[in-house]
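Here is the structure we will look at, set down as structure tokens.
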Amino acid sequence: MASNEEGDVIFLVCTNPNSIEEPIAEDEIYISTAETSSWDLPTILSHRIVKVQSNRNRLIQHSSYFHSLLCGNFRKSCHGSISIQWNLEAFINILKFIYGCPLDVTPQNFIPLYEGALFFGVDTLLLKCKIWFSELISSKGPLSLQIQLDDLIHIWDFGLEHANDFIPELCTMYLARNFVCIDFYLTFEHLLRTSKLFSNYIKRMMGSLMWAMSCNSYGNLPYNMLIACTRHPELTVDRYSKFSRIYLKP
């Protein structure tokens with residue numbers, strides 16, 4: 001919880017140029033990191049300016065960005081407020097994480113959280129994002145197909161843009177592994193059409209296994225991402241040939 005001592009308090013003034021609703025009567029909202037568990041995100045995001053009363057010491061301990069501002073010889077270290085220009089939803093979630101609230105990483109929020117953790121120097125959140133993504137990519141079996149191709153492409157592009165080798169490498173592994181599912185499909189294709197006994201079971205399997213074929217974003221797959229995938233050891237020449245006949249029809 002935040003200290004009551006005045007010297008321990010800092011206000012973070014966050015500007016939200018893209019509030020999700022029309023501005024309400026008051027254009028500003030005041031919230032405190034002492035009450036992060038009760039924050040209502042939609043209400044917060046409906047305001048253009050969010051002023052967060054924060055514990056200075058907690059920010060210093062968990063963020064190298066705030067450590068530099070509040071402990072160094074910078075001018076802002078002498079002021080009672082810091083202006084924050086960042087994706088508001090991502091920053092609010094990062095603050096909640098810093099102040100001890102649980103945070104779920106998903107394919108949709110992975111990039112904003114990872115990028116924010118990099119910028120603000122929140123190493124514990126950065127590690128959490130890395131572990132989540134590594135576990136997602138490394139999981140195997142039908143239940144492992146938890147990320148859509150368009151999300152994978154965005155994550156791939158993000159990794160290249162930030163010169164982060166581990167992200168593109170994991171994306172390539174994920175893509176190659178799921179292309180292998182096509183081999184399963186071709187093996188049972190005839191059975192799907194002719195067998196009433198196993199049809200429902202196999203269709204349920206195919207709902208997960210044919211992840212790649214159900215992705216509408218395949219046409220947006222970056223060329224260098226596709227090339228990297230074809231060089232992956234799990235994607236053999238025979239399997240890639242079968243993949244080409246399915247996906248690259250004129």
Give the ring-plane orientation class for F133 versus F110, where under 30° counts as parallel, over 60° as perpendicular and anything between as tilted.
parallel

Measuring from N93:CG to N87:CG, what's the distance to the nearest 0.5 Å?
9.0 Å

When you measure from the side chain of K128 to the backbone N and O of D123, does any donor-acceptor pair fall under 3.5 Å?
no

Applied to residues 95-108, the side chain to side chain donor-acceptor pair (under 3.5 Å) test, sequence neighbours excluded, yields T106-N109, Q108-D151

Do Y114 and L118 have side chains that get closer than 4.5 Å, going by heavy atoms?
yes

Let's go through R58 and I98 carefully: what are the C-alpha distance in whole Å and the side-chain angles of both, what is the deciding distance for side-chain contact (heavy atoms from CB on, under 4.5 Å) to 0.1 Å, and is it a yes or a no?
CA-CA 8 Å; R58 183 87 174 191; I98 288 176; 3.9 Å; yes

Tell me, with the steps shown, if L95 and L59 meet side-chain contact (heavy atoms from CB on, under 4.5 Å).
CA-CA 9 Å; L95 275 183; L59 291 173; 4.0 Å; yes

Of V122, T124, L125, the one forming a side-chain contact (heavy atoms from CB on, under 4.5 Å) with S63 is V122

Where the side chain of S32 meets the backbone of A34, is there a donor-acceptor pair that is under 3.5 Å apart?
yes

Under the ring-ring contact (aromatic ring centres under 6.0 Å, His included) test, which residues partner F119, sequence neighbours left out?
Y65, W86

Quick check: do F91 and L12 have side-chain heavy atoms less than 4.5 Å from each other?
yes

So, W132 side chain and V105 main chain: donor-acceptor pair closer than 3.5 Å or not?
yes

Measure from the side-chain N and O atoms of S46 to the backbone N and O of T43, and report whether any donor-acceptor pair falls under 3.5 Å.
yes

Are F158 and H162 near enough that their ring centres are under 6.0 Å apart?
yes

If you compare all heavy atoms of V13 against all heavy atoms of S81, which two are closest, and at what distance to 0.1 Å?
CG2-CB, 4.2 Å

Here the gap from C71 atom SG to I60 atom CD1, rounded to the nearest 0.5 Å, amounts to 3.5 Å

Let me confirm one number: the CD1-CG distance from I82 to L70, rounded to the nearest 0.5 Å.
4.5 Å

Is the shortest side-chain N to carboxylate O distance from R48 to D27 below 4.0 Å?
yes

